[in-house]
2 protein chains.
Amino acid sequence: MVRKSASGRIGIADVAIKAGVSHATVSRVMNGNYTVDPEIAARVRAAAAELKYQPNPVGRSLALGKTDTIGIVVPDLANPTFQAILRGLSRAAAQDGYRVLIADSFEVSSEEAILAGEARRRCDGLVLCAPRMSDVELEEIAPSLHPLVLINRSTSAPDVPSLVVDYGQGVQDIAGHLVELGHTRLAFLAGPPRSASNEMRLKGLESFKAAHPEVDVTMLEGGSDFDTGHEAVDAVLASGASGILAFNDLVAMGLMSGLHERGLDVPGDISVTGFDDIPFAKYTTPALTTAAVPITELGEEAWHQLRTLIRKEGNETPGSRYQPRLEVRASTGPAKAPRSTVHG
Amino acid sequence: MVRKSASGRIGIADVAIKAGVSHATVSRVMNGNYTVDPEIAARVRAAAAELKYQPNPVGRSLALGKTDTIGIVVPDLANPTFQAILRGLSRAAAQDGYRVLIADSFEVSSEEAILAGEARRRCDGLVLCAPRMSDVELEEIAPSLHPLVLINRSTSAPDVPSLVVDYGQGVQDIAGHLVELGHTRLAFLAGPPRSASNEMRLKGLESFKAAHPEVDVTMLEGGSDFDTGHEAVDAVLASGASGILAFNDLVAMGLMSGLHERGLDVPGDISVTGFDDIPFAKYTTPALTTAAVPITELGEEAWHQLRTLIRKEGNETPGSRYQPRLEVRASTGPAKAPRSTVHG
DNA sequence: ATCAGCTGAGAAAGCGTTTTCTTGGATCGC
DNA sequence: GCGATCCAAGAAAACGCTTTCTCAGCTGAT
């Protein structure tokens, strides 16, 4: 007859009674403490097996002061970029026996601090992924979130490594590629206003404009998903640009789809570029020219940084900077000869 | 001077001391128990605010016997279908104040039971998403996982609602659509061997073949991602089929990309269909004909079912069956006149 | 004026572990 | 052979919270 503790679940006490030993001994056996008589250990193990005893992680967490869980806060779980980061993080953490708790802020920046705080308290560490909150707010809460790893943001708080992708350089590479193809009128389909990565792209474009005064760059408002790109067709055409830098691959795909519906040829009439190199980018027609970011790897690295923080391995935590790699595919091509130019 | 408890973090005891009351009173105030003198309550709240006290969820969980967290086990976090389910689940659960812990089994079915058990013990309930484990194993562990909701699998265990998509019907609808377009030679690019949804598709195709003996259906081995489709081009062409049912949208996209590289026109030369209607399906060129499954909604419903289980609202938990909706787009078209047929 | 009845707040007992502290018994050295 | 040393295992404290139990002090009725 299986004896149950009051709660109905089998606890350490049940095993102790069944094996005729104390709670402490059961705990020792379960944790591989070898200062226990082999014969008794065997008896405990047998009792545990018979009762199908599984230690309660909550009690364990309370006693040990750790949960073996980390949290991640993302602005939008629908975004493939964040999905990829989550995947990399989850896989890497799992290898070290940690689980991941997710919190989706749905792009409402005012929720982020609360979500982050709640998640942090439940976990041993936190990854804040591309938070939309203001710099001052980030500075304010960062210390209370330690151990903390930032993605695509940074803070002056000590011991908060930040992994940032150099979107500014990436966007310049793309623009350079388009100019080499003869495009002189470019347009940038911007991302979400509060996105720091968008800010970095804009800064990159400023540098680019400074270095290439002959090139005309139009800024268009946008977002981060398909529909943004799809709906931007009119604005893009109105801009008169022949080379379009979309905020990311999703926007680029939406745009290409819209252009296709209008009967326009990519890259014959217009060249389109994305950003991120999500898995889909390779399989669009035409295949998308983009700047590849090793996103999954970034998630893994986030775990590694967080791990050293959690383990308090005093090594300085440097953070890292990732350089996007230009991935030229079929969605970009030579600019048409401008209408104003007379051939021959 | 902020007094700290031994652990370094501020606990209920610190607030109690600062406010000059007992632990119990602080707890009462923090939980909105109104049997406490307003003046004292105010003092406690002030102390809590000043110390920035935040209750420790682990202690709370242990005392209350609940974690306000649910777990989900998926076979592959890289699969957009599971991402969408996760998203729906996470959003719906968040609205009720629950968080989601994720566990990715990376398609290794032997890990699932362990992952599920661990996740379940940390959480108040579990969603098992398209588990790859065998039926007998599922039957075996299901009772120990309660409260449990199954997606795309079912079990005889009581009180385990299962949400299943009628892939069998969906695949028949697609096949019917292709036949209406005049295709008489079809091929099915199958999914992962252990996938129950693949099994359901196969069953559906059997029914279809029985009802349409004149149609030839070739079965091809496959998988669930882009590359599967991309690599299947040769096999598809060798089959001689003019209408291809891909396991899902990803496979279809990979296949279309491969066909495009071979210079073949979709749907001019070959019609291709997907399954799921992931967001990308609308934006492929040509836009993908597929069977739409309300996946995110399914994730939400999973939460609702789990919620009634957790709350022990005795209502029977029926589970639901979802009918895919045929979404005809541009990747399917009339079959070419068969070579063997003489016109006129 | 006295006592039952009530109320508000402190004391303490859980929740399920781990870990320190303690103790009885065995071991070892002289 | 006896005290110092050590070891294995039990008792108990700790982790941080909630909640029951308890009791002092008060209200109000007789």
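Throughout, protein chains are lettered first and strands after them, A, B, ... in sequence-line order, and every chain is numbered starting at 1.
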Legend entry - Evaluation steps, side-chain contact (heavy atoms from CB on, under 4.5 Å), between A:Leu150 and A:Leu138: CA-CA 10 Å; A:Leu150 280 177; A:Leu138 183 55; 4.2 Å; yes
Legend entry - A:Arg120 and A:Ser144, any side-chain heavy atoms less than 4.5 Å apart: no
Legend entry - Atom-to-atom span, CD of B:Glu39 to P of C:dT7 - whole angstrom: 20 Å
Legend entry - Side chains of B:Gln95 and B:Glu300 in contact at under 4.5 Å (non-hydrogen atoms): no
Inset, instruction - Looking at every strand, decide which applies to A:Val21 at a 4.0 Å heavy-atom threshold: base, sugar-phosphate, or nothing. - result: sugar-phosphate
Donor-acceptor pairs under 3.5 Å, side chain of residues 67-76 of chain A to any protein atom, not counting sequence neighbours: which ones?
unit_1	atom_1	unit_2	atom_2	d
A:Thr67	OG1	A:Thr69	N	3.3
A:Thr67	OG1	A:Arg122	O	3.4
A:Thr67	OG1	A:Asp124	OD1	2.9
A:Asp68	OD1	A:Lys66	NZ	3.0
A:Thr69	OG1	A:Thr67	O	3.0
A:Asp76	OD1	A:Ala78	N	2.9

Inset, instruction - Send over the distance from A:Asp37 CG to C:dG24 P, rounded to a whole Å. - result: 20 Å
Inset, instruction - Take the C1' atoms of the five end pairs on each side of the helix from C:dA1-D:dT30 to C:dC30-D:dG1, get both axes, and report the angle to 10 degrees. - result: 60°
Legend entry - Donor-acceptor contact present, side-chain A:Arg28 to main-chain A:Asn31, <3.5 Å: no
Inset, instruction - Give a yes or no answer on whether the side chain of B:Asn152 reaches the backbone of B:Val165 with a donor-acceptor pair at less than 3.5 Å. - result: yes
Legend entry - Base-contact (B) and sugar-phosphate-only (S) positions in nucleotides 17-22 of chain C, heavy-atom cut-off under 4.0 Å, - elsewhere: BBBB--
Legend entry - Distance in angstrom units between A:Asp14 CG and C:dC15 C1', rounded: 14 Å
Legend entry - Atom-to-atom span, CG of B:Leu51 to C1' of D:dG16 - whole angstrom: 16 Å
Inset, instruction - Nearest whole angstrom, please: distance from the P of C:dG10 to the CD1 of B:Ile17. - result: 13 Å
Inset, instruction - Without swapping roles, check the side chain of A:Arg43 against the backbone of A:Ala19 for a donor-acceptor pair under 3.5 Å. - result: yes
Inset, instruction - State whether the side chain of B:Glu139 and the backbone N or O of B:Ser156 hold a donor-acceptor pair below 3.5 Å, judged by distance alone. - result: yes
Inset, instruction - Whole angstrom is fine here: how far is it from CD1 in B:Ile40 over to P in C:dT7? - result: 16 Å
